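In this text, all values refer to a predicted model and were calculated from it rather than measured experimentally. Just so it is clear, the values below take in all heavy atoms, side chains as well, and ignore hydrogens, waters and symmetry mates. Just so we're on the same page: letters track the sequence lines, and every chain starts at 1.
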Number of protein chains: 2
Amino acid sequence: MTAAAPVAPAPTAAAATDLAPHELRILVAVDRERGFSAAAKVLGLTQSAVSHSIHGTERKVGAVLFERGRKGATPTAAGTAAAAHARRVLRLLDTLAAEARGAEQGTVAGPLRIAAFRSAALYLLPPVLERLTARHPGIEPEVHVVRELGAGTAGEVAEGHADVGIATMGASSPVPAGLIGDVLIEEPYSLVHPAGHPAPRSLPLVDWHENCGSYTRQWWAGQDWIPKATVLTEDDGAVLSMVSRGLGMAIMPALSLNEAPDGIEITDLGPDRPTRSVGYITTPELASSVSVRALIRELRAARQ
Amino acid sequence: MTAAAPVAPAPTAAAATDLAPHELRILVAVDRERGFSAAAKVLGLTQSAVSHSIHGTERKVGAVLFERGRKGATPTAAGTAAAAHARRVLRLLDTLAAEARGAEQGTVAGPLRIAAFRSAALYLLPPVLERLTARHPGIEPEVHVVRELGAGTAGEVAEGHADVGIATMGASSPVPAGLIGDVLIEEPYSLVHPAGHPAPRSLPLVDWHENCGSYTRQWWAGQDWIPKATVLTEDDGAVLSMVSRGLGMAIMPALSLNEAPDGIEITDLGPDRPTRSVGYITTPELASSVSVRALIRELRAARQ
DNA sequence: TGCTTCTATGAGGGCCCTTCATGGACCGGG
DNA sequence: CCCGGTCCATGAAGGGCCCTCATAGAAGCA
């Protein structure tokens, strides 16, 4: 019974496959800073530590995560995917502690990162968040305005930058693969034009980048009226500004019309008007988190 | 730039708040087993290690997670919430590695880890892998022979040790939960016995561990012939060897008969013969990877 | 009162992460 | 051309952390 037996120090070798939180943080930092040295500086570590850590991570994952070059490190496809997951894991670790503390006190607390496109952040979220924080004072919502281009708000959620996304959803792709969500409201498009204009339909159509034409394209196809010209602006706020100055007319969803200035007339397009769906998106693992569920409940209640 | 800085050994104290994977595993085990000692036994650890770990976890989380009592440990509300999150974190950590590998293979090539039972690895995979590597020279298949006991090849896939598993599938449980797959071939069992034996059915039945009797049990139930004795051997190779030496007869699937030595006679069991299904199993994440899809395509093509 | 079965706690050892030194590779300028 | 600058890689040494080994305390049961 002395120290004779070495008492197998590591009976299971399978444990060597999971990544520790510090490894995840290093992975995320390298992905963000695009370099080992830069990541080391941000983390307060040595470049050597980062190099060793990434090396070990690549061994455990079984894939090359970064392309090392003279100008730093650029993530491979595997590295990008791994960093996205790492952000989600770290986020979930944060909520674990926050919600465990909340469960002890019977409250709901912790940060809640929301990605939303501009008009949703300005006109849809404020009343919702007001009621949410009134009901759960511990929740700290944080809204990031994201342009609904490319992956958009859903991309922010998938990559672990946000917990919940407010997104426009085409009928074709309701929710991206690997995420979950639902439609909250279906809002109509209306015609907006300078007030008192004699022939608004003769003006050029003003559109903006985020307004993926697919929502209105089908409607246009059924119209015998085709605008002579189309002007593309930066965002829906700029569209309204142009219309109010008499420079054109536009087809805009209801959310964007909350900020309609004077000098603008809004015309309903009738029963066949185009619509777009606005919904929420989150990850499967966060969907069961208390704060996310509380937010979704308020969103649903607000849609009426 | 000299050694002016005191080189603080622990510059950040915030790192002390996140939970390592092994702590999460212990947390989940205690929640499931309702006791420190029971969890320790399951994890192959000491009760002391579990106690220390939970203590540290509670300190990091900032809440009491378990109510210690005479009959073990029962989770508090905070403990239940924490354990639920811990399970999600562990699952996300698993998918991290799997999806990173999948993303890497999405490019062109990479290692492809296949878990297969013995006879599949010896007689089913070689021609398939030959065509696969001929078509995709970048793919490096790596076959692990796994005994089809317990979780078997599906377990290897579920635990992230393999990308694709070749498994025998009972009609009852086609594919384990959380994994996806499909049946490739349905192969018949045949009677094998020493060549020229006057009364082969009077010999003892030779069976082997992996041959989960469930496939043939139903067939036996419909037979009026019940073997006098059953001998259990290590694997199907040993069964064939015993039969060839006249020590018994056996009911074996076609795949195992590829290596039939001389002195063995194979008899078809007729239209009501028992069959077993052999299929592939993979994870949803990897199912979309190029190499895995390429392998499955070749497997399907080979089944004819 | 023993026996059994829980958990708690302190001391010590080994693993692993980090730092410290290097070194190699590459680029641009004098 | 070489030299300084910027990357990352690598091997060796140190320290923190986690685990095991003891041992103790507490509670139920015969």
Side-chain angles (χ1 to χ4, degrees), chain A residues 1-13 15-27 29-30 33-60 64-76 79, chain B residues 1-13 15-27 29-30 33-60 64-76 79:
Chain A
M1 298 313 160
T2 64
V7 202
T12 60
T17 62
D18 46 34
L19 300 172
H22 62 89
E23 291 179 295
L24 300 178
R25 248 182 281 278
I26 293 175
L27 170 62
V30 172
E33 305 294 331
R34 295 292 138 100
F36 288 16
S37 302
K41 186 177 295 181
V42 167
L43 295 171
L45 290 177
T46 312
Q47 169 267 324
S48 175
V50 174
S51 179
H52 282 299
S53 175
I54 294 294
H55 205 77
T57 301
E58 288 180 330
R59 185 181 50 75
K60 290 176 184 175
V64 176
L65 302 178
F66 292 97
E67 198 81 37
R68 281 81 153 172
R70 32 240 149 259
K71 300 300 269 181
T74 59
T76 63
Chain B
M1 303 312 159
T2 64
V7 203
T12 61
T17 62
D18 47 35
L19 301 171
H22 61 88
E23 293 178 293
L24 301 179
R25 250 183 280 277
I26 292 175
L27 170 62
V30 172
E33 305 293 331
R34 295 293 140 100
F36 288 15
S37 303
K41 187 175 295 180
V42 167
L43 295 171
L45 291 176
T46 311
Q47 170 267 325
S48 173
V50 174
S51 180
H52 282 300
S53 175
I54 294 293
H55 203 78
T57 301
E58 288 180 330
R59 185 181 52 75
K60 291 177 183 174
V64 177
L65 301 179
F66 292 97
E67 198 81 37
R68 281 80 152 174
R70 36 233 146 261
K71 299 301 269 182
T74 60
T76 64

Heavy atoms of I54(B) and L27(B) approach each other most closely as CD1-CA, 4.1 Å
Sequence neighbours excluded, the answer for salt bridge (charged side-chain N to carboxylate O under 4.0 Å, His left out) partners of E33(B) is none
### Query
Is the phosphate of dC19(D), meaning OP1 or OP2, less than 4.0 Å from a side-chain N or O of H22(B)?
yes
In whole angstroms, the gap separating C1' of dC17(C) from NE2 of H55(A) amounts to 15 Å
In whole angstroms, the gap separating P of dT7(C) from NE2 of H52(B) amounts to 14 Å
Rounded to whole Å, the CZ-P distance (R34(B) to dC6(C)) equals 15 Å
Per-nt protein contacts along nucleotides 22-30 of chain C (heavy atom under 4.0 Å; B base, S backbone sugar-phosphate only, - none) come out as ----SS---
Whole-Å distance, R59(A) CZ to dC17(C) C1', equals 13 Å
Practice task
Assign G56(A) to base, sugar-phosphate, or nothing according to its heavy-atom contacts below 4.0 angstrom with the strands shown.
Solution key: nothing
Pick base, sugar-phosphate or nothing for S37(A), based on heavy-atom distances below 4.0 Å to the nucleic acid. sugar-phosphate
Between P75(A) and G79(A) the two heavy atoms that sit nearest each other are CB-C, 4.2 Å
With sequence neighbours left out, the residues meeting side chain to side chain donor-acceptor pair (under 3.5 Å) with R68(B) are E58(B)
Whichever of A20(A) and R68(B) has the more 5' nearest nucleotide on DNA chain C, that residue is R68(B)
dist R34(A):CZ -> F66(A):CZ (nearest 0.5 Å) comes out at 8.0 Å
Winner on side-chain proximity to L45(A), out of dT19(C), dC7(D), dT10(D), is dT19(C)
T46(B) has its side chain closest, among dT20(D), dT18(C), dC8(D), to dT20(D)
When rounded to whole Å, the NZ to C1' distance for the pair K71(B) and dC6(C) reads 9 Å
Across all chains, not counting sequence neighbours, the side-chain contact (heavy atoms from CB on, under 4.5 Å) partners of S53(B) are E23(B), I26(B), T57(B)
Per-pair distances, 0.1 Å, donor-acceptor, side chain in residues 36-49 of chain A, under 3.5 Å, sequence neighbours excluded:
none

In whole angstroms, the gap separating C1' of dC8(D) from CD1 of I26(A) amounts to 15 Å
I54(B) CD1 to dT9(C) C1', in whole Å, measures 16 Å
Between CG of L19(B) and P of dC18(D) the distance, given in whole Å, is 11 Å
Original post:
NA contact type, S48(B), heavy-atom cut-off 4.0 Å: base, sugar-phosphate, or nothing?
Top reply: base
